[in-house]
A.B. asks: 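If you scroll down you'll find the structure; I have some questions about it.
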Protein chains: 2
Amino acid sequence: MLSDLEHAVLGIVWIEQPCTAYAVRVVFQKSPSAHWSGSAGAIYPLIRRLERDRLLRSAARRGDKRGTRLYRLTDGGLAALKAWLRPPLPPVSGLINMDPLRVRIRFLGALPKRERRAVVGEAQDKLREFLPQVKSEVRQARTSGDTPQYLISRGVLISVRAQLAWLAEVGRTL
Amino acid sequence: MLSDLEHAVLGIVWIEQPCTAYAVRVVFQKSPSAHWSGSAGAIYPLIRRLERDRLLRSAARRGDKRGTRLYRLTDGGLAALKAWLRPPLPPVSGLINMDPLRVRIRFLGALPKRERRAVVGEAQDKLREFLPQVKSEVRQARTSGDTPQYLISRGVLISVRAQLAWLAEVGRTL
DNA sequence: CCGCTCATGTAACTGGTTACATGATTTA
DNA sequence: TAAATCATGTAACCAGTTACATGAGCGG
């Protein structure tokens, strides 16, 4: 019934509660993936919907003159989050991610050989430049003892390394 | 200007031409990722748009009484495809894929420990079941000499293995 | 000739986006 | 006190989905 974004919002509120809708937006904006922008037009109506459906509840922050509200999960919200996490998981097709690099490389043959190398090279550069940032996030999460965040950062790191390994293969075979 | 889907359609037509809009749909439907469904409501209007903008051209298949049309890339279409492939690539945020598994695992702490293991276990099972299929696609592409398809399948394989490696880590640290 | 696949199409909807706007609060 | 950030909101739009519908071509 709820979309992945809505479930993710429940999850973020579960982690950050009590928190504002704005804080939820920031989480998406800071995410390394551009999949969800965390735009105001998406988040505020979505959160109102979740509150209307009693999955979130909110209270005004005392002494705050803008409409700032602090959200928490209700029991129903926690149940919805759990139901989403629990098996059965979606079919594999829903687990295989869409790699924007892969869809490009698929058509690389449309470019002359020299330009192909340039594309692969630039992709490698961009990903390699990104590595230190991910690594520092891994370190930071580990030293601060934030295990879930540590695992997520590890996931990103492993995924980026896999992309780099694949790009190396692509570069080798043209 | 054009979306990723539109560019991907240009790419598919470039590979398969001359081909029907239906053939393009089938490519998306057979793709291991569920990101684009290849639904009729997406593809047919999109292809008409591309033809209107002179990026595709089409001809009726002779002796065919349904409106079946065979599409090809125009010079402009090939140029648009190349421009999309060529550097500059999108920023890293556009290169990092959204892993649906990762967004779930992020909130795994909402589940009691025993259930967490079950989630990780099921994800591993589903991905492992999927491996033989990918491997056979790799073999098939290699023996048939279809280098681009070989590289794509390799990409999927590497990505799935990376997910499995990560899941193993997740399982180890709870 | 029946059923499956090929082939195209549309209407209603959904789940987001961009862009804009407003105003409170904090910080330099 | 100005600038940056926090915080909420909406209107117009867009890209894609689901679901439905139609009919030709083809293999058993």
Side-chain angles (χ1 to χ4, degrees), chain A residues 1-10 12-13 16 18-31 33-53 56 58-71 84 90 93-94 98 100 103, chain B residues 1-10 12-13 16-31 33-53 56 58-71 90 93-94 98 100 103:
Chain A
M1 203 90 300
L2 299 181
S3 70
D4 274 356
L5 177 57
E6 285 168 319
H7 282 116
V9 166
L10 288 179
I12 291 169
V13 172
E16 310 266 324
C19 68
T20 64
Y22 178 80
V24 173
R25 291 185 58 201
V26 171
V27 171
F28 286 111
Q29 283 162 5
K30 288 197 301 186
S31 156
S33 159
H35 186 69
W36 288 309
S37 75
S39 59
I43 301 301
Y44 290 110
L46 185 154
I47 285 191
R48 273 202 303 276
R49 239 155 39 223
L50 293 178
E51 183 169 26
R52 184 200 62 195
D53 297 343
L56 296 180
S58 69
R61 179 140 64 179
R62 64 189 194 97
D64 188 314
K65 276 172 182 128
R66 42 188 172 178
T68 307
R69 300 196 68 78
L70 290 176
Y71 289 88
W84 175 62
S93 62
M98 190 287 255
V103 316
Chain B
M1 203 90 300
L2 298 181
S3 69
D4 274 356
L5 176 56
E6 285 168 320
H7 282 117
V9 167
L10 288 180
I12 291 169
V13 172
E16 310 266 324
Q17 65 186 336
C19 67
T20 64
Y22 178 80
V24 173
R25 291 186 58 201
V26 171
V27 171
F28 286 111
Q29 283 161 6
K30 288 197 300 187
S31 156
S33 159
H35 186 68
W36 287 309
S37 75
S39 59
I43 301 301
Y44 290 110
L46 185 154
I47 285 191
R48 272 201 304 274
R49 241 157 36 225
L50 293 179
E51 183 169 26
R52 185 200 61 197
D53 297 344
L56 296 181
S58 69
R61 178 141 64 180
R62 64 187 195 98
D64 189 315
K65 276 171 182 130
R66 40 187 173 180
T68 306
R69 299 195 70 78
L70 291 176
Y71 288 88
S93 63
M98 189 288 253
V103 318

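Sequence lines set the chain letters: A, B, ... in the order given, protein chains first and strands last, and positions in each chain run from 1.
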A.B. asks: Which is more 5' along DNA chain C, the nucleotide nearest B/Arg48 or the one nearest A/Ala34? Just name the residue.
C.D. replies: B/Arg48
A.B. asks: List the residues meeting ring pair (Phe, Tyr, Trp, His ring centres under 6.0 Å) with B/His35, not counting sequence neighbours, and say none if there are none.
C.D. replies: none
A.B. asks: Using a heavy-atom cut-off of 4.0 Å across all strands, would you classify B/Arg69 as base, sugar-phosphate, or nothing?
C.D. replies: sugar-phosphate
A.B. asks: Got A/Asp4 and A/Trp84 here, is their nearest side-chain heavy-atom distance under 4.5 Å?
C.D. replies: yes
A.B. asks: To the nearest 0.5 Å, what is the distance between CD1 (A/Ile12) and NE2 (A/His7)?
C.D. replies: 13.0 Å
A.B. asks: Using the test side chain to side chain donor-acceptor pair (under 3.5 Å), find all partners of B/Glu51 that sit at least two apart in sequence or belong to another chain.
C.D. replies: B/Ser58
A.B. asks: With side chains defined as the heavy atoms from C-beta onward, is the minimum distance between A/Tyr22 and A/Ile43 less than 4.5 Å?
C.D. replies: no
A.B. asks: So, using side chain to side chain contact (heavy atoms under 4.5 Å, CB included) as the criterion, who are the partners of A/Arg48 when residues are at least two apart?
C.D. replies: A/Tyr44, A/Pro45
A.B. asks: Take atom OH of A/Tyr22 and atom C1' of C/dT25, then tell me their distance rounded to the nearest Å.
C.D. replies: 12 Å
A.B. asks: Could you state the atom-to-atom distance from OH of A/Tyr44 to C1' of C/dT17 in whole Å?
C.D. replies: 16 Å
A.B. asks: As a test of reading the structure: which of C/dT17, C/dG16, C/dA7 is closest to the side chain of A/Leu5, going by heavy atoms?
C.D. replies: C/dG16
A.B. asks: If the cut-off is 4.0 Å, is B/Thr68 near the phosphate of C/dA7, judged by side-chain N/O to OP1 or OP2?
C.D. replies: no
A.B. asks: Is A/Thr20 touching bases, backbone alone, or none of the nucleic acid, heavy atoms closer than 4.0 Å?
C.D. replies: sugar-phosphate
A.B. asks: Once you apply a heavy-atom cut-off of 4.0 Å, does B/Ala23 come out as touching a base, just sugar-phosphate, or nothing?
C.D. replies: nothing
A.B. asks: Of all residues at least two apart in sequence or in a different chain, which pass the side chain to side chain donor-acceptor pair (under 3.5 Å) check with B/Asp53?
C.D. replies: none
A.B. asks: With a strict under 4.0 Å distance from non-hydrogen atoms of chain B, what nucleotide opens and what nucleotide closes the contacted stretch of DNA chain D, reading 5' to 3'?
C.D. replies: D/dG16 to D/dG25
A.B. asks: Can you tell me how far P of C/dG16 sits from NE2 of A/His35, to the nearest Å?
C.D. replies: 8 Å
A.B. asks: Base, sugar-phosphate or nothing for A/Arg49? Non-hydrogen atoms, less than 4.0 Å.
C.D. replies: nothing
A.B. asks: Can you tell me how far P of C/dT14 sits from CG of A/Asp4, to the nearest Å?
C.D. replies: 17 Å
A.B. asks: To the nearest 10°, let me know how far the axis at one end of the helix from C/dC1-D/dG28 to C/dA28-D/dT1 is tilted from the axis at the other, five pairs an end.
C.D. replies: 30°
A.B. asks: Find the distance B/Met98:CE to C/dG15:C1' and express it as a whole number of Å.
C.D. replies: 13 Å
A.B. asks: Output the rounded distance in Å from CG (A/Leu2) to C1' (C/dG16).
C.D. replies: 15 Å
A.B. asks: Would you kindly give the CZ-to-P distance between B/Arg61 and C/dC6, to the nearest whole Å?
C.D. replies: 11 Å
A.B. asks: Roughly how far, to the nearest 0.5 Å, is the CD atom of B/Gln29 from the OG atom of B/Ser39?
C.D. replies: 8.5 Å
A.B. asks: Rounding to a whole Å, what distance do you find between A/Arg25:CZ and C/dT17:P?
C.D. replies: 10 Å
A.B. asks: B/Leu2 versus B/Leu10: any side-chain heavy-atom pair under 4.5 Å?
C.D. replies: yes
A.B. asks: Identify the heavy atoms of B/Trp36 and A/Val103 that sit nearest to each other, and give their distance.
C.D. replies: CZ3-CG1, 4.4 Å
